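What follows is a set of notes on a single structure, which appears directly below.
Because the structure is predicted, anything quoted here is derived from the model rather than measured. Any value given below was found using the heavy atoms of this structure, including those in side chains, with hydrogens, waters and symmetry copies removed.
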Amino acid sequence: MPDQSLPEVRTPETARTAPPSPGSSSPEGLTRRRLLGTAGATGLVLGTAGAAGGYAAAPAQATPLSSIGAGKAMFHVKHQPGITQGLQARGHLIAFDLSAGAGRKEAAALLRRWSETARRLMAGEAAPHDDTDIARDAGPSSLTVTFGFGHSFFARTGLEKQRPVALDPLPDFSSDRLDKSRSNGDLWVQIGADDALVAFHALRAIQKDAGSAAKVRWQMNGFNRTPGATAHPMTARNLMGQVDGTRNPKPAESDFERRIFVPESGTKDPAWMANGSYAVVRRIRMLLDDWEKLSTGAQEQVIGRRKADGAPLTGGDETTEMDLEKTDAHGDLVVPLNAHARITRPDQNGGAAMLRRPFSFHDGIDPDGTPDAGLLFVCWQADPLRGFVTVQRKLDRGDALSAFIRHESSGLYAVPGGAAKGGYVGQALLEG
């Protein structure tokens, strides 16, 4: 669970204002799921945009809570939606396996259906057919739908020669307790929105669109803080109560594109992956009963940051550079050698970095009374061997946090670039 920072807020430029009143007109027209404004409510909105500029580390300005539903992400963009957008309040991760007898032709038809459904729902419109009306009264609510291909997809479709080397299986790690039935999959879909019903509506539409071509392999549901729930925009907290997301790479950084997205040329990746990225997905159980027995000071030693505000133990605020050499009055390092924040720093891993965009989860209580809760870890990088694998190997050798977490499922997916207008995700692969 590397401490690489979570995108939390969106810029004011990308925030949408509340939609027109019933008696007004709009150049975009009204859809059946256009937001119905709520008078008197105030709060914060997290807007979205389709390209990397949609992510921001700067706080958004205060806007009416009713405008949350008006947030809209674009489907036809350079990079698929759901990668650089800020954290969404509700998420669903779902993997499918192609049905027996289904191959390249059926997969192409499925991705075409899925892409059209995603485009319409993200615009706040009804599903192309048999809409369930679950989100009838809501706006787009910053809905994003993202599609990826697993290692097994290429053999099932006769496209082995187009399978990227970067999709080779991840190595084993000491904290792995992986459930194979909840790992991998031919196809992977990520759904996120700032409204739970909007997200569920998209989930049902995607499931129904699969028809006889693919069957659900596994599904996981997650959440983040709702936009407007804090007095001031801030980095998210995870279920351990830690500020989690301080050092995420930012689009404004000169090497952001190189680290996160596959370039259009000069790479070992196949051409169909241009402008795409690789997603590592891990269900990480947090052993909360054990964690919560620690004092706040002991928890801070495990992480290397103050729990109250995410600042490094060496002083300053959340964004202050950590002083790895600073010692206390006894000559001991202020940030322990095995502190999570020290181990995951890019400068401690040959510059390795990834864009973390996770969801928390809570799936009830186990028979022994322990909570089944933790992090649906999703990270994005141009090269998973240089990104996730490099950092996780370092964590595997002595991260203090490892005693309080357990990796229970895993997946690695090739996520191609965004679909061209009139096209669908993966078209260059499936029709190339």
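- Here the CZ-NE2 distance, from Arg136 to His201, works out to 10.5 Å after rounding to the nearest 0.5 Å.
- A heavy-atom distance below 4.5 Å is found between the side chains of Lys307 and Gln242.
- Between Leu159 and Leu429 the shortest side-chain heavy-atom distance falls below 4.5 Å.
- Shown here is Asp347, whose CG atom has more than 12 heavy atoms of other residues, nucleotides or ligands within 6.0 Å.
- The nearest pair of heavy atoms linking Ser409 to Arg283 is OG-CB, 3.0 Å.
- Using a distance-only test at 3.5 Å, with no hydrogens or angles considered, no donor-acceptor pair links the side chain of Ser410 to the main chain of Ser183.
- Contact annotation: the side chain of Leu375 approaches that of Arg356 to within less than 4.5 Å [non-hydrogen atoms, C-beta and beyond].
- Aromatic ring orientation, Phe388 versus Phe173: perpendicular (interplanar angle above 60°, classes split at 30° and 60°).
- Residues His79 and Phe261 bring their aromatic ring centres within 6.0 Å.
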### Task
Assess whether side-chain contact (heavy atoms from CB on, under 4.5 Å) is satisfied between Ile191 and Leu143, documenting all intermediate values.
CA-CA 7 Å; Ile191 295 168; Leu143 174 69; 3.9 Å; yes
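- Side-chain atoms of Val415 and Trp188, non-hydrogen and from C-beta on, do get closer than 4.5 Å to each other.
- Among residues two or more places apart in sequence or in another chain, the salt bridge (Lys or Arg N to Asp or Glu O under 4.0 Å) test is passed with Asp179 by Arg182.
- Scanning both residues, Pro227 and Ile68, for their nearest heavy atoms gives O-CD1, 3.3 Å.
- Listed for the Asp195 side chain is a donor-acceptor partner under 3.5 Å among the backbone atoms of Val198.
- Counting heavy atoms from C-beta outward, Gln219 and Gln207 have side chains that approach closer than 4.5 Å.
- Put simply, the side chain of Arg104 never gets that close to the backbone of Thr157: no donor and acceptor are under 3.5 Å apart.
- Under the side-chain contact (heavy atoms from CB on, under 4.5 Å) test applied with Asp97, the options Asp186, Val216, Leu187 reduce to a single match, Asp186.
- Panel note: side chain Asp244, backbone Ala236; no donor-acceptor pair is recorded below 3.5 Å.
- In this structure, the side chain of Thr390 engages the main chain of Leu385 through a donor-acceptor pair within 3.5 Å.
- For the pair Ile206/Phe96, a side-chain contact is recorded, criterion being any heavy-atom separation below 4.5 Å from C-beta on.
- For Ser141 and Asp194, the side-chain atoms include no donor-acceptor pair closer than 3.5 Å.
- In this structure a side-chain-to-backbone donor-acceptor pair under 3.5 Å is present from Arg342 to Pro336.
- Annotation: the span from Asp372 atom CG to Leu288 atom CG amounts to 10.0 Å, rounded to 0.5 Å.
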### Message
Would Ser99 and Glu106 count as a side-chain contact (heavy atoms from CB on, under 4.5 Å) here? Give the steps.
### Response
CA-CA 9 Å; Ser99 300; Glu106 289 76 14; over 6 Å; no
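- Considering only heavy atoms from C-beta on, Arg357 comes within 4.5 Å of Gln85 through its side chain.
- Between Pro171 and Arg393, the shortest heavy-atom contact is CG-NH2, 4.0 Å.
- When all heavy atoms are compared, the tightest approach of Arg217 to Gly185 is CD-CA, 3.6 Å.
- Judged by distance alone, the side chain of Asn238 and the main-chain N or O of Met240 form a donor-acceptor pair under 3.5 Å.
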### Message
Please evaluate residues Val389 and Leu170 with respect to the criterion side-chain contact (heavy atoms from CB on, under 4.5 Å), reporting the C-alpha separation (whole Å), side-chain torsions for both, the decisive distance (0.1 Å), and the verdict.
### Response
CA-CA 7 Å; Val389 174; Leu170 297 173; 3.7 Å; yes
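- Between Phe75 and Phe147, the angle of the ring planes goes over 60°, which puts this pair in the perpendicular group of the 30/60° scheme.
- The closest side-chain heavy-atom distance from Leu412 to Pro384 is below 4.5 Å.
- Listed for the Gln381 side chain is a donor-acceptor partner under 3.5 Å among the backbone atoms of Tyr278.
- Not one N or O on the side chain of Gln348 forms a donor-acceptor pair closer than 3.5 Å with the backbone of Arg345.
- Qualifying salt bridge (Lys or Arg N to Asp or Glu O under 4.0 Å) partners for Asp290, counting only residues two or more places apart in sequence or in other chains: none.
- Taken to the nearest 0.5 Å, the CZ atom of Arg204 stands 10.5 Å off from the CG atom of Asp209.
- Using a cut-off of 4.0 Å between Lys/Arg side-chain N and Asp/Glu carboxylate O, Asp131 and Arg120 are scored as not salt-bridged.
- For the pair Ser174 and Asp396, the tightest heavy-atom approach, listed with the atom from each and the gap, is OG-OD1, 2.6 Å.
- Annotation: ring pair (Phe, Tyr, Trp, His ring centres under 6.0 Å) contacts of Phe154 (sequence neighbours excluded): Trp272.
- Here the OG-CZ distance, from Ser402 to Arg397, works out to 11.5 Å after rounding to the nearest 0.5 Å.
- The shortest non-hydrogen separation linking Pro164 to Ala414 is CG-CB, 4.4 Å.
- By the salt bridge (Lys or Arg N to Asp or Glu O under 4.0 Å) test, Asp176 is found to be paired with Arg282, residues two or more places apart in sequence or in another chain being considered.
- For Arg406, the salt bridge (Lys or Arg N to Asp or Glu O under 4.0 Å) criterion is met by Glu408, not counting sequence neighbours.
- Asn224 places a side-chain N or O within donor-acceptor distance of the main-chain N or O of Pro358, the cut-off being under 3.5 Å.
- A donor-acceptor pair shorter than 3.5 Å can be found between the side chains of Thr246 and Glu318.
- Summarising the geometry, atom CD belonging to Gln88 is positioned 12.5 Å from atom CZ belonging to Arg90; distances are rounded to the nearest 0.5 Å.
- For residues 411-432, the set of pairs meeting the salt bridge (charged side-chain N to carboxylate O under 4.0 Å, His left out) definition, not counting sequence neighbours, comprises Arg112-Glu431.
- Under the 4.0 Å criterion applied to side-chain N and carboxylate O atoms, Glu116 and Arg119 are assigned as salt-bridge partners.
- Atoms CZ and CG, from Phe377 and Leu93 in turn, are 12.5 Å apart once rounded to the nearest 0.5 Å.
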### Task
Would you please test Tyr413 and Val281 for side-chain contact (heavy atoms from CB on, under 4.5 Å) and show each step?
CA-CA 8 Å; Tyr413 307 96; Val281 180; 3.9 Å; yes
